[in-house]
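These numbers come from a predicted model, not from an experiment. Side-chain atoms are counted along with the backbone in the values below, which use heavy atoms only and exclude waters and symmetry mates. Nothing fancy with the numbering, it's 1 onward along the sequence.
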Amino acid sequence: QVKLVESGGGLVQAGGTLRLSCAACGRTFSSYAMGWFRQAPGKEREFVAAISWSGSSTYYADSVKGRFTISRDNAKNTVYLQMNSLKPEDTAIYYCAAARTPIVVVTTLDFGSWGRGTQVTVSS
């Protein structure tokens with residue numbers, strides 16, 4: 001099992017930036033892929049981005065491609081989500097998750113451990 005703790009959320013104006021962090025402990029961090037998901041009020045949790053165990057492969061939802069960047073530092077057991085050009089529709093609780101495999105995966109069932117989430121609010 002992996003324990004995940006997100007940080008870095010907050011309130012930002014449209015067009016602004018935020019950087020989310022997710023610290024992991026438990027299983028060897030470099031042995032599994034990581035992902036970010038988000039859930040807006042009244043909506044289902046949706047995939048945002050994922051990164052392979054080494055960081056060499058990444059994948060993004062179309063809605064964030066070109067604006068968000070996922071990265072990881074295996075020496076610090078941390079994964080990041082850099083969010084630029086934020087839009088009001090990016091408002092949600094953002095969750096990081098640890099995958100069951102080392103390769104990039106995108107569905108919630110592929111992830112076995114979840115953080116509690118961090119709120120991101122983008123004002124217009």
Verify side-chain contact (heavy atoms from CB on, under 4.5 Å) between V79 and I70, making sure each step is shown before the conclusion. CA-CA 7 Å; V79 63; I70 188 171; 4.0 Å; yes
Hydrophobic cluster membership, with links at side-chain heavy-atom distances under 4.5 Å among I/L/V/M/F/W/Y: are [X] and [Y] in one?
X    : Y    : answer
V64  : V104 : no
W114 : I93  : yes
V12  : V48  : yes

Nearest heavy-atom pair of [X] and [Y]: which atoms, and what distance?
X   : Y   : answer
F29 : N77 : CB-OD1, 3.3 Å
L18 : L86 : N-CD1, 3.9 Å
Y80 : D73 : CE1-CB, 4.1 Å
L81 : A49 : CD1-CB, 4.2 Å
S31 : T28 : OG-O, 2.6 Å

Establish, yes or no, whether a centroid distance under 6.0 Å links the rings of W36 and F68. no
Between F37 and F47, how do the two ring planes meet: parallel, tilted or perpendicular, split at 30° and 60°? perpendicular
Expected output: side-chain [X] to main-chain [Y] donor-acceptor under 3.5 Å:
X   : Y   : result
N74 : W53 : yes
T78 : K76 : yes
E46 : R38 : no
E6  : C96 : yes
Q39 : A92 : no

[atom1] of [X] to [atom2] of [Y]: how many Å apart, nearest 0.5 Å?
X    : Y    : atom1 : atom2 : value
D90  : M83  : CG    : CE    : 7.5 Å
Q119 : L11  : CD    : CG    : 9.5 Å
T69  : Y60  : OG1   : OH    : 4.5 Å
S21  : Q82  : OG    : CD    : 9.5 Å
R100 : F111 : CZ    : CZ    : 10.0 Å
M34  : S71  : CE    : OG    : 11.5 Å

Check the pair I103 / S52 against side-chain contact (heavy atoms from CB on, under 4.5 Å), numbers first and verdict last. CA-CA 5 Å; I103 61 173; S52 64; 5.7 Å; no
What residues, two or more places apart in sequence or in another chain, satisfy side-chain contact (heavy atoms from CB on, under 4.5 Å) together with V2? L4, A24, R27, Y32, A98, S113
For K43, is the NZ atom crowded, meaning more than 12 foreign heavy atoms sit under 6.0 Å from it? no
